[in-house]
Amino acid sequence: MSEKRYDPSEIEPRWQRVWATERTWEVVNEDPARAARARGAGEQGGRDVKSYVLEMLPYPSGEPHIGHLKTYSVGDAIAHFHRRTGHRVLHPMGYDAFGLPAENHAIRTGEHPRDSTAASIASFQRQFRSWGISIDWSRELATHEPTYYRWTQWIFLELLRAGLAYRKEAAVKWCPNDQTVLANEQVVEGHCERCGAEVEVRQLTQWFLRITDYAERLLRDLDTIDWPENVKTMQRNWIGRSEGAEVNFRCEDLDPAHPVDYPVFTTRPDTLFGATFFVMAPEHPDVLRLVEGTDREAEVREYVNRALTESNEQRGDAEKPKTGVPLGRTVINPVNGERIPMYVADYVLMEYGTGAIMAVPGHDERDYDFAVAHGLPIKRVIEDPTRRPGNRAPEDGGDDEDPAHPGLPYTGDGPLVNSHPEFDGTHNRTALSEIVAWLDREGKGHASVNYRLRDWLISRQRYWGCPIPIVHCDSCGMVPVPDDQLPVQLPDVEDYAPKGRSPLAAAEDWLSTTCPSCDGPARRETDTMDTFVDSSWYFMRYCDPHNDQAAFDPAALRQWMPVDQYIGGIEHAILHLMYARFFTKALADLGHLDFQEPFKALFTQGMITKDGAKMSKSKGNVVPPAAIVESHGADTARAYILFIGPPDQDADWSDEGVEGVHRFLSRLWRLASEVADRGKEAPHAAPPQAAHARPGQPAHAPAGPDLELMRKAHWAIEKVSGDLRRFAFNTAIAAVMELLNECYRLRESASAESERFALSSAASLLFPFAPHVSAEVYDMLTGERVWEQPWPQADTRYLESESYELVCQVNGKLRDRVQAPSEAGEQELIELCRKAPNVIAHLDGKQVVKEIVVPGKLVNLVVR
RNA sequence: GCACCAGUGCCUUAAUCGGUGAAAGGGCCGGCCUUAAAAGCCGGAGAUCCGGGUUCGAGCCCCGGCUGGUGCACCA
């Protein structure tokens with residue numbers, strides 16, 4: 001027998017060279033007129049139907065890790081499948097090159113971030129090529145290149161001109177370790193998302209993007225896109241829409257002639273009559289004014305200072321007892337004129353609503369805790385319809401319920417009580433809208449919607465980012481850099497170490513400039529942008545990557561956008577995916593685009609773990625993809641990572657599993673060489689193109705082992721096609737394994753022609769997952785290039801047969817099996833079943849009370 | 001605490017509409033081949049988290065519980 005062995009180190013570079021020299025995966029933009037015609041042609045436009053397949057761009061740091069291998073293996077499988085099902089596929093690659101890791105590396109080593117980033121990008125490029133990913137390299141970009149960030153700056157200025165970018169002083173999250181501010185989204189449980197340091201609060205003047213203007217649309221349009229439900233839910237929660245009312249509480253204590261109205265936001269205006277006190281956040285600007293010169297001042301000052309210096313984590317702990325101090329002032333409840341005492345307490349947040357709340361301890365758990373701790377009155381204003389008077393609440397609450405306030409706090413629905421004769425007895429949901437209407441008529445409040453989403457803070461006091469194109473002039477103030485002077489280039493600096501201000505402030509030559517407006521002396525803005533700004537529009541740049549007149553030509557975007565299939569990690573469910581949607585909507589409003597959502601469909605892949613734990617350098621359990629490619633080849637690495645489990649779920653890496661997949665590819669290759677050799681001895685064998693032939697007449701009607709093999713092959717075609725459409729790559733690969741097992745089982749008995757057909761079909765189906773060995777095997781068997789072949793079509797005649805095995809059940813238990821003709825009717829099937837020997841035995845002396853027939857499957861006789 | 005997802009051989013996964021005796025790979029065991037081993041080929045053992053319900057029939061649907069994961073969490 002042949003001594004040849006499956007050798008990926010020889011096969012893989014050979015096919016990679018073909019794809020590189022022939023530029024197989026490049027697509028060119030069509031001229032707009034033709035593109036418009038193609039769009040008009042609609043779905044059946046065949047080759048002209050575009051498909052934009054995109055994986056989230058990598059952050060180039062060090063070399064690619066196993067997560068990258070998974071992302072691009074998934075994306076490449078989809079890209080190949082789309083190509084072979086008649087789409088023009090755009091599948092580009094780029095690098096999210098600005099960011100903290102490169103800068104931190106520079107601080108440690110002095111190596112310029114540009115150099116370390118370039119080295120890392122080179123390593124990513126090398127490995128992506130060695131994995132055989134089908135990328136259109138002609139569109140490659142990196143966000144740190146001036147040719148790219150010039151347009152990032154232009155977009156910033158567009159947003160500024162539209163009033164969507166602004167500067168304000170605010171209490172912001174500050175990372176003491178990275179010495180920079182953070183976006184809300186980058187603070188995880190009070191710690192910096194990147195370095196884990198505990199985050200502090202600082203008052204700083206910072207740049208923001210007005211994403212909150214888009215809260216409603218970001219929420220609503222989630223219904224228009226094909227994304228995983230859990231990602232949509234996370235975005236909905238993050239946006240946090242609450243419907244309620246804004247209600248004014250009047251304070252006459254300072255100056256009765258000039259009362260002050262303090263608005264509060266509440267989702268429960270139906271409980272207004274139960275408000276027994278009023279609480280302000282420690283940051284509320286009026287807190288100190290309200291106590292100035294009173295005997296409360298000292299205590300309040302002390303409390304506010306303590307609250308402000310407390311870490312987020314300490315303050316945010318929901319388990320912490322409710323603290324606060326009285327202000328010695330009162331406000332008037334607008335619905336009943338009652339004067340209720342004012343407090344300052346740190347459980348009220350300045351950033352949400354108005355920074356002040358009405359407290360309804362009878363129907364809110366936090367207010368209840370506070371009232372109990374401070375001896376404040378607790379009033380029931382909503383009856384619990386399920387509660388029996390005198391009865392303890394069932395099970396829970398029986399022990400820890402406060403006997404003084406049975407059944408409180410109660411947050412459910414029910415009729416109003418103790419409120420107002422007009423509302424008592426009305427169901428609270430009805431009363432709610434009536435009370436809001438009444439407030440509105442009286443000018444004491446109005447319906448209102450609140451969002452949890454905050455504006456996006458984009459300033460970073462760091463070096464390695466996109467400079468903000470603004471100049472500060474003593475006479476003109478803040479002046480945007482004119483478009484024709486972009487980009488504002490990032491200068492070189494000596495010292496990257498953060499000192500609480502941007503390292504750019506030390507670049508004297510760069511810093512001092514002239515005002516574009518008055519030509520007087522001016523200083524440049526020294527903050528850089530959050531890297532999420534860079535990645536919020538890169539998918540558009542791919543459509544027109546070399547344009548030096550504009551960020552992109554709208555006509556180019558019309559050809560490719562939106563992205564048809566976006567692929568990336570679930571960790572970007574909120575940050576990147578929300579920001580990119582915001583940019584798209586803002587740019588659409590400014591007339592630069594004509595679509596509202598950037599990513600039509602999203603696939604989020606799960607994490608690869610090792611021994612159940614996240615891979616990390618500190619744990620020493622990283623599996624570098626390069627090592628697997630080296631030892632087993634890229635095809636094995638790619639196919640294994642897709643075979644390991646459903647791609648949207650986390651999966652644990654196993655070295656044995658890699659061996660198994662390698663063995664599978666090896667068996668495919670070996671049997672294919674054997675069959676190809678056999679074919680040479682029998683040159684008259686028909687070229688096995690049956691997979692693509694119309695269901696017409698086969699050369700001969702296969703029978704016996706040939707028929708079995710043909711059936712299995714067509715079954716696999718059907719199975720893999722369906723699995724690919726639903727991203728079930730693991731089961732698709734398993735189906736090809738089954739097909740190959742069948743090829744081995746029947747290799748002595750089936751004809752060379754059938755074997756060839758089955759094996760070339762297996763290679764064709766495997767191509768999206770293991771392109772090199774599939775191309776090799778297909779070439780050996782057919783002399784054709786598999787990627788130029790259309791996706792195989794299952795011949796339905798092989799999927800059904802003239803007879804099948806009918807399952808005969810008695811009382812739901814399998815008793816026998818008989819052959820039944822496919823076209824047999826129900827009565828015929830019942831007769832067949834009743835005649836089955838083992839069924840007769842079980843029917844003995846019993847009466848059949850019911851007959852259940854599932855055509856094509858079974859007959860169940862119910863007896864008594 | 002709330003929400004979502006998941007529990008199938010030793011491990012990782014599969015099982016369209018509820019319809020056969022639960023499938024694949026790895027691991028393990030045995031056989032063939034070999035002087036022997038590896039590789040290869042052939043074969044084997046081995047599972048639906050627990051308790052109820054619906055049904056002629058439940059891994060699949062419903063209810064309750066247990067376990068694990070993820071997200072959110074003082075958002076008024």
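Chain A is the first sequence line, chain B the second, and so forth, proteins listed ahead of strands; every chain is numbered from 1.
In this structure, A:N741 reaches the sugar-phosphate backbone alone: every heavy-atom distance under 4.0 Å involves primed, P, OP1 or OP2 atoms, never a base. Residue A:G660 is in sugar-phosphate contact alone, with no base atom involved, counting any heavy-atom pair closer than 4.0 Å across all strands shown. Within 4.0 Å (heavy atoms only), A:S666 reaches no atom of the nucleic acid at all.
Looking only at side-chain heavy atoms (C-beta outward), A:L668 and A:V736 stay at 4.5 Å or farther from each other. Considering only heavy atoms from C-beta on, A:P334 comes within 4.5 Å of A:F249 through its side chain.
Electrostatic pairing of A:E708 and A:R711 does not count as a salt bridge here, judged by no charged N lying under 4.0 Å from a carboxylate O. With respect to A:R268 and A:D270, a salt bridge is recorded, a charged nitrogen being found less than 4.0 Å from a carboxylate O.
Looking only at distances, no side-chain donor or acceptor of A:D261 sits under 3.5 Å from a matching main-chain atom of A:N248. A:Y579 places no side-chain N or O within donor-acceptor distance of the main-chain N or O of A:I211, the cut-off being under 3.5 Å.
Atoms CG (A:L746) and P (B:C42) sit 11 Å apart, rounded to a whole Å. When the P atom of B:A24 is taken as reference, atom OH of A:Y744 falls 17 Å away, rounded to whole Å. For the pair A:N237 CG and B:A73 P, the computed distance is 9 Å after rounding to whole Å. Rounded to a whole Å, the CG atom of A:D723 is 12 Å from the C1' atom of B:A24. One can place CD of A:E365 at 12 Å from P of B:G1, the figure rounded to the nearest angstrom. Distance, A:W715 CH2 to B:A23 P: 13 Å, rounded to whole Å. As a whole-Å value, the separation of A:D367 CG from B:A76 P is 12 Å. Between A:L832 atom CG and B:U20 atom C1' there is a gap of 16 Å when expressed in whole angstrom units.
For B:C17, the base adopts the syn conformation, since its glycosidic angle falls within 90 degrees of zero.
The aromatic rings of A:Y262 and A:F278 lie tilted to each other, with the angle between the two planes from 30° to 60°. A:H374 and A:Y343 have perpendicular rings, their planes meeting at more than 60° on a 0 to 90° scale where under 30° would count as parallel.
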Heavy atoms under 4.0 Å is the rule here; annotate nucleotides 54-63 of chain B 5' to 3' with B where the base is hit, S where only the sugar-phosphate is, and - elsewhere.
-> --B-------
Whether each nucleotide of nucleotides 2-17 of chain B has a protein heavy atom under 4.0 Å at its base (B), only at its sugar-phosphate (S) or at neither (-) is summarised, 5' to 3', as ----------SSSS--
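When the C1' atom is compared between B:A47 and B:G21, the two are found 14 Å apart, to the nearest whole Å. Using atom C1' as the reference point in both B:G40 and B:G46, the two lie 25 Å apart (nearest Å). Nucleotides B:G69 and B:A23, compared at atom C1', are 26 Å apart to the nearest Å. Going from the C1' atom of B:A73 to that of B:U12 covers 34 Å, rounded to whole Å. Atom C1' of B:U67 sits at a distance of 25 Å from the matching atom of B:G26, rounded to the whole Å. Of the P atoms belonging to B:C49 and B:A6, the separation is 13 Å, rounded to the nearest Å. Atom P of B:C74 sits at a distance of 26 Å from the matching atom of B:G65, rounded to the whole Å. Taking atom P in both B:G7 and B:C60, the straight-line distance is 11 Å, to the nearest Å.
Every salt bridge (charged side-chain N to carboxylate O under 4.0 Å, His left out) that A:R834 has, sequence neighbours left out, goes to A:E851. Take A:E738 and apply the salt bridge (charged side-chain N to carboxylate O under 4.0 Å, His left out) test, not counting sequence neighbours, and it matches A:K712.
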Please list every donor-acceptor pair under 3.5 Å in which a side-chain atom of residues 660-667 of chain A meets a protein atom from a residue at least two apart or in another chain.
residue	atom	partner	partner atom	Å
A:H662	ND1	A:H632	O	3.3
A:H662	ND1	A:T636	OG1	2.9
A:R667	NH1	A:N741	OD1	3.0

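In this structure, A:K322 fails the cation-pi test against A:F370, since its NZ or CZ atom is not both closer than 6.0 Å to the six-membered ring centre and inside 45 degrees of the ring normal.
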For RNA chain B, what dot-bracket results from Watson-Crick or G-U pairs at under 3.5 Å, with [ ] for crossers and | for inter-strand partners?
-> (((((((..((((.....[...)))).(((((.......)))))....(((((..]....))))))))))))....
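Which of B:G25, B:A23, B:A73 sits closest to the side chain of A:R452 comes down to B:A73. Here B:G40 is the nucleotide among B:G40, B:A76, B:A23 with the atom lying nearest to any side-chain atom of A:R663.
Annotation: of the two residues near RNA chain B, A:V661 and A:R745, the 5′-most nearest-nucleotide partner is A:V661.
Donor-acceptor pairing under 3.5 Å is recorded for the side chains of A:D455 and A:T212.
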